[in-house]
Asks: 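Shown below is the structure under consideration.
First the proteins, then the strands, lettered A, B, ... as listed; each starts at 1.
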Amino acid sequence: MAQDKIKALIGMNDILPSQTPVWRFLEAQVKATLDGFGYQEIRMPLVEQTSLFKRSVGEATDIVEKEMYTFERSERSLTLRPEGTASCVRACEEHQLIANNKRQRLWYMGPMFRYERPQKGRYRQFHQIGVETFGMASADIDAELIIMTHQLWQRLNIRDKVVLQLNTLGSSEARANFKAALVEFLVVRKDQLDEDSQRRLDTNPLRILDSKSPSTQALLNDAPEFMDYIDEESAQHFSELRALLDAVGVEYEINPRLVRGLDYYGKTVFEWVTNELGAQGTICAGGRYDGLVEQLGGKPTPAVGFAMGIERLILMLEAMDVIPAQVAKTLDVYLVSEGDVAVPAMKLATQLRDQLPKLRLQMHMGGGKFNKQMKKAVESGASFALVVNEEKLANGQVGVKPLLERGEQINLSLDNLTDWLAQNL
RNA sequence: GUGGCCGUAGCUCAGUCGGUAGAGCACAGGAUUGUGAUUCCUGUGGUCGCGGGUUCGAUCCCCGUCGGCCACCCCA
């Protein structure tokens, strides 16, 4: 009886060798950008106490209500992190990184877990690059984050395919007033709302603004507008942000109906969206969450951040065909040999790797026909084949043959080989 | 949680009007050229997603289930 083969969990993907070069390329571009702005990396555990997410993300959100991977261990309720911000705040608090409003610009990268039905650009284990800043209340840091992402799109060559949507949610007080007015307006028109929005009237009225239903959107045209409820400070903050973005030439669309799903956002919210990815068009989203640190037991600390979905960015890069060909290249040199030279060949490879730390050299293993070895050399994608045999070694030489274009093989003395490779790779 | 489409070798697919399966590519080995993208030969590999039903007999019909893709909800 053949046992059923164990397969990966639904929505949990293996990232195979054919894909990892693209991931590494993207990660390298992101890191270069973050480094350029002086952001520091922080790494948090993947598992936290369940209550951390309940208190931060919001008890009534879908993430907490039905999407968390939660389990019991040692009489504690633990959860695989569904997002990174809560963990980051917890870590900063725990290690006094943001005590007394000490400033921090931090980033992290890694898997997040949400129990949802997978579809294009959405998986149960997915990967985010998160950026969080603390201790800075002014709009210039909001602007910096947006400018930084903007620069990343330029680096990745997708800038003309993404649009920045911008909104402000105001202070929690202004938001509460607006929410009350909105509910008041919608309650009497409840029967005109789509089914989902009727439900949201109780759970999360602001999200009705986001509804995809055309009839609901039409109804909203006469609804109260947040700009009539916004507090003075938030309005000022928002206009400062816009002035900064204007000054550096980052274009944006004001979207008064942009509402983020997580409870902790206030004032600035933004999303970079694309229409290249089907229904999951948001590749990067974030906003200000000045109240969260206090909510988690710390002192009031201003904070802004955002998260990018790595899978979505990669889908984007592939759809846009902007992945440089050299990304897939993993080898510079493939060493082949004929005759009884296994020992000197191994010594040569070792010596070259010692002398050229950046050299990517792979040896053909197990001997075999020289013809096959050369085929393997070509398939390997290496720039050069290094040919070792008894005759050449007797003369203190090795053969170097270019593989990318059909070129003549040259013989180099062992003494010159290292320098030659250093110059020609 | 809801809905639509789909499920035959690693990949792309064919096929049996119901009698337990094939091609190309890929992979491994070999022949030849004896330092590579040609040609030729051979081989590995599927109880036709899984379970049940109808039938003498099902991969092909029916039901269920699992998985994949996409969409809703929600979100990165």
Side-chain angles (χ1 to χ4, degrees), chain A residues 1-5 7-13 16 18 57-58 60-67 82-85 109-131 149 194-197 199-200 203-204 207 210-213 259-262 270-274 277-286 305-316 334 336-339 364 366 368-382 384-389 391-392 398-411:
Chain A
M1 257 335 142
Q3 287 191 323
D4 285 343
K5 279 192 181 158
K7 304 209 298 192
L9 264 23
I10 179 172
M12 308 254 179
N13 298 311
L16 302 176
S18 59
V57 176
T61 60
D62 276 19
I63 291 179
V64 169
E65 266 187 1
K66 50 191 190 192
E67 295 177 2
E83 58 113 41
T85 301
M109 170 164 54
M112 308 292 165
F113 303 85
R114 292 182 198 172
Y115 190 84
E116 305 177 271
R117 283 287 282 272
Q119 67 186 71
K120 188 181 182 75
R122 191 228 278 179
Y123 312 98
R124 289 188 174 175
Q125 175 175 335
F126 63 105
H127 297 76
Q128 283 188 336
I129 293 156
V131 177
T149 52
D194 61 279
E195 198 175 326
D196 286 322
S197 292
R199 181 175 45 77
R200 282 188 283 229
T203 59
N204 197 345
R207 286 217 63 93
D210 244 356
S211 174
K212 287 178 183 173
S213 160
V259 182
R260 307 298 335 290
L262 284 56
F270 66 91
E271 282 189 17
W272 287 97
V273 298
T274 177
L277 294 183
Q280 255 58 46
T282 302
I283 59 168
C284 172
F306 66 82
M308 295 183 274
I310 300 184
E311 282 86 351
R312 289 182 188 180
L313 276 169
I314 285 175
L315 285 171
M316 183 90 185
Y334 192 92
V336 299
S337 60
E338 52 185 348
H364 184 87
K369 295 168 76 100
F370 193 77
N371 193 5
K372 292 266 174 175
Q373 293 192 37
M374 284 304 291
K375 286 188 176 179
K376 293 294 175 198
V378 173
E379 288 168 12
S380 77
F384 301 100
L386 224 56
V387 180
V388 178
N389 60 29
E391 181 192 344
K392 292 184 199 298
V398 293
V400 179
K401 181 158 191 177
L403 297 172
L404 298 184
E405 68 281 357
R406 276 188 110 82
E408 286 305 304
Q409 176 173 324
I410 59 172
N411 286 322

Asks: Once you apply a heavy-atom cut-off of 4.0 Å, does A:Lys120 come out as touching a base, just sugar-phosphate, or nothing?
Replies: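 It contacts sugar-phosphate atoms only.
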Asks: When we call it a touch if two heavy atoms are under 4.0 Å apart, what does A:Arg199 touch: a base, just sugar-phosphate, or nothing?
Replies: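 A:Arg199: backbone/sugar contact only, no base atoms under 4.0 Å.
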Asks: Tell me: CG of A:Asn13 to P of B:G68, nearest whole Å?
Replies: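 Spelled out: CG on A:Asn13 to P on B:G68 is 8 Å.
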Asks: Distance between the C1' atoms of B:U20 and B:G1, in whole angstroms?
Replies: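 After rounding to an integer number of Å, I get 40 Å for this pair.
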Asks: Between A:Arg312 (CZ) and B:C75 (C1'), how many Å, whole number?
Replies: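 One finds 6 Å between C1' of B:C75 and CZ of A:Arg312, rounded.
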Asks: Between A:Ala279 and A:Glu116, who's closer to the 5' end of RNA chain B by nearest nucleotide?
Replies: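 Result of the comparison: A:Ala279.
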Asks: Can a side chain N or O of A:Lys369 be found less than 4.0 Å away from OP1 or OP2 on B:G29?
Replies: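 For A:Lys369, the contact criterion (side-chain N or O under 4.0 Å from OP1 or OP2 of B:G29) is not met.
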Asks: Side chain to side chain contact (heavy atoms under 4.5 Å, CB included), that's the test. Do A:Phe113 and A:Arg124 meet it? Break it down for me.
Replies: CA-CA 5 Å; A:Phe113 303 85; A:Arg124 289 188 174 175; over 6 Å; no
Asks: Expressed in whole Å, how much space separates the C1' atoms belonging to B:G15 and B:G52?
Replies: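 So the two C1' atoms sit 26 Å from each other.
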Asks: Expressed in angstrom and rounded to an integer, what is the separation of A:Arg117 atom CZ from B:C74 atom C1'?
Replies: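 Rounded to whole Å, this separation is 13 Å.
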Asks: Ignoring the backbone of A:Lys372, work out which of B:A71, B:C75, B:G30 is nearest its side chain.
Replies: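 Among the listed nucleotides, the one closest to the side chain of A:Lys372 is B:G30.
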Asks: For the side chain of A:Lys392, starting at C-beta, report the closest nucleotide among B:G36, B:C74, B:U35.
Replies: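 Of the candidates, B:U35 comes closest.
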Asks: Would you classify A:Gly278 as touching base, sugar-phosphate or nothing, given that sugar-phosphate means primed atoms plus P, OP1 and OP2, and contacts are heavy atoms under 4.0 Å?
Replies: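 Result for A:Gly278 = sugar-phosphate.
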Asks: Step by step, would you call A:Leu403 with A:Phe384 a side chain to side chain contact (heavy atoms under 4.5 Å, CB included)?
Replies: CA-CA 5 Å; A:Leu403 297 172; A:Phe384 301 100; 5.6 Å; no
Asks: When all nucleic acid strands are considered with a 4.0 Å heavy-atom cut-off, which category describes A:Arg207: base, sugar-phosphate, or nothing?
Replies: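 Touches sugar-phosphate only.
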Asks: Say we look at B:G10 and B:C27: how far apart would their P atoms be, to the nearest angstrom?
Replies: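 Their P atoms lie roughly 15 Å apart.
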Asks: Would a 4.5 Å heavy-atom cut-off, applied to side chains only, mark A:His364 and A:Lys372 as touching?
Replies: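 Not in contact.
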Asks: The test is side chain to side chain donor-acceptor pair (under 3.5 Å); show your working for A:Arg200 and A:Thr203 and say whether it passes.
Replies: CA-CA 5 Å; A:Arg200 282 188 283 229; A:Thr203 59; over 6 Å; no
Asks: B:U8 and B:C70: how far apart are their C1' atoms, nearest whole angstrom?
Replies: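 It works out to 23 Å between them.
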Asks: Kindly confirm whether the side-chain ring of A:Phe126 is stacked on the base of B:A76, judged by centres under 5.5 Å and planes under 30°.
Replies: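 A stacking contact exists, since A:Phe126 sits close and nearly parallel to the base ring of B:A76.
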Asks: So, is A:Lys212 near the phosphate of B:C72, with a side-chain N or O under 4.0 Å from OP1 or OP2?
Replies: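 For B:C72, OP1/OP2 do have a side-chain N/O of A:Lys212 under 4.0 Å.
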Asks: Give one of base, sugar-phosphate or nothing for A:Pro402, where a contact means two heavy atoms less than 4.0 Å apart.
Replies: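 Base contact.
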Asks: Quick one: do A:Lys392 and A:Val387 satisfy side chain to side chain contact (heavy atoms under 4.5 Å, CB included)? Show the steps, please.
Replies: CA-CA 9 Å; A:Lys392 292 184 199 298; A:Val387 180; 4.1 Å; yes
Asks: How many Å lie between CE on A:Met374 and C1' on B:G34, as a whole number?
Replies: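 Nearest whole value for this atom pair: 13 Å.
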Asks: Would you mind classifying the nucleic acid contact of A:Tyr123 as base, sugar-phosphate or nothing, using non-hydrogen atoms under 4.0 angstrom?
Replies: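 Base contact.
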Asks: Which nucleotide, in any strand shown, forms a Watson-Crick or G-U wobble pair with B:A71, with both distances under 3.5 Å?
Replies: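 Partner of B:A71: B:U2.
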Asks: What is the distance, rounded to the nearest whole Å, between atom CZ of A:Phe370 and atom P of B:G36?
Replies: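 The answer, rounded to whole Å, is 9 Å.
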Asks: Expressed as a whole number of Å, how far does the P atom of B:C6 sit from that of B:C62?
Replies: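 Their P atoms lie roughly 13 Å apart.
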Asks: Just checking A:Gln280: base, sugar-phosphate only, or nothing, at a heavy-atom cut-off of under 4.0 Å?
Replies: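 Base: the residue A:Gln280, judged by heavy atoms under 4.0 Å, touches a nucleobase.
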Asks: What integer number of Å spans the P atoms of B:G49 and B:G67?
Replies: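 Taking atom P in both B:G49 and B:G67, they lie 16 Å apart.
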Asks: Within this structure, what is the CZ-to-P distance between A:Phe384 and B:G36, rounded to whole angstrom?
Replies: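 Going from A:Phe384 (CZ) to B:G36 (P), I get 18 Å.
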Asks: Looking at the side chain of A:Lys375, which of B:U2, B:A76, B:A37 is the nearest nucleotide?
Replies: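 Shortest atom-to-atom distance from the side chain points to B:A37.
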Asks: Evaluate the side chain to side chain contact (heavy atoms under 4.5 Å, CB included) criterion for residues A:Cys284 and A:Arg312: first the C-alpha distance (whole Å), next the side-chain angles of each, then the deciding distance (0.1 Å), finally the verdict.
Replies: CA-CA 9 Å; A:Cys284 172; A:Arg312 289 182 188 180; over 6 Å; no
Asks: Which is it for B:G34, anti or syn, if anything within 90° of zero counts as syn?
Replies: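 Here B:G34 takes the syn form, which means its glycosidic angle is within 90° of 0.
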Asks: Can you identify which nucleotide, out of B:A28, B:U35, B:C75, has its nearest atom closest to the A:Lys376 side chain?
Replies: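 Comparing B:A28, B:U35, B:C75 against the side chain of A:Lys376, the answer is B:A28.
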Asks: Heavy atoms only, 4.0 Å cut-off, all strands: where does A:Ile10 land among base, sugar-phosphate and nothing?
Replies: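 Sugar-phosphate contact only - A:Ile10 comes under 4.0 Å of backbone atoms but never of a base.
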Asks: Could you check which nucleotide pairs with B:C60 in any of the strands shown, counting Watson-Crick or G-U wobble with both distances under 3.5 Å?
Replies: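 Matched B:C60 with nothing under the 3.5 Å cut-off.
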Asks: Given B:C74, is OP1 or OP2 found less than 4.0 Å from the side-chain N or O atoms of A:Arg200?
Replies: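 So the side chain of A:Arg200 is within the cut-off, an N or O lying under 4.0 Å from OP1 or OP2 of B:C74.
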Asks: Is A:Arg260 salt-bridged to A:Glu271, going by a charged N under 4.0 Å from an acidic O?
Replies: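 Yes.
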Asks: Measuring only the P atom in each nucleotide, how far is B:C69 from B:G30? A whole number of Å is fine.
Replies: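 B:C69 and B:G30 have their P atoms separated by 39 Å.
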Asks: Side chain of A:Gln119, heavy atoms from C-beta onward: which of B:A28, B:C72, B:C74 has the nearest atom to it?
Replies: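 Between B:A28, B:C72, B:C74, the one nearest the side chain of A:Gln119 would be B:C72.
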Asks: Report the distance from atom OG1 of A:Thr274 to atom CD1 of A:Ile283, rounding to the nearest 0.5 Å.
Replies: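 Between atom OG1 of A:Thr274 and atom CD1 of A:Ile283 there are 6.5 Å.
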Asks: When the distance from CD of A:Glu379 to P of B:A26 is rounded to whole Å, what number comes out?
Replies: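 From A:Glu379 CD to B:A26 P: 10 Å.
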Asks: Is the positively charged end of A:Arg114 above the ring of A:Phe126, judged by distance under 6.0 angstrom from the centroid and angle within 45° of the axis?
Replies: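 No, cation not above the ring by the 6.0 Å, 45° rule.
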Asks: Could you give the CD-to-P distance, from A:Glu65 to B:C75, as a whole number of Å?
Replies: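 Going from CD in A:Glu65 over to P in B:C75 covers 11 Å.
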Asks: What is the nucleic acid contact for A:Ala377, judged by heavy atoms within less than 4.0 Å: base, sugar-phosphate only, or nothing?
Replies: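 Nothing, no heavy atom under 4.0 Å.
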Asks: Both distances under 3.5 Å, Watson-Crick or G-U wobble: report the partner of B:A14, or none.
Replies: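 Paired with B:A14, as far as the under-3.5 Å criterion goes, is no nucleotide at all.
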Asks: P atom, B:A21 versus B:A9: distance in rounded Å?
Replies: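 Per the computed distance, 14 Å lies between those P atoms.
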Asks: Searching all strands shown, indicate the nucleotide that pairs with B:C40 (Watson-Crick or G-U wobble; both distances under 3.5 Å).
Replies: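 Paired with B:C40, as far as the under-3.5 Å criterion goes, is B:G30.
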Asks: For A:Gly121 and A:Lys401, find the nucleotide of RNA chain B closest to each by heavy atoms; which residue's nucleotide sits nearer the 5' end?
Replies: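 Upstream on the strand: A:Lys401.
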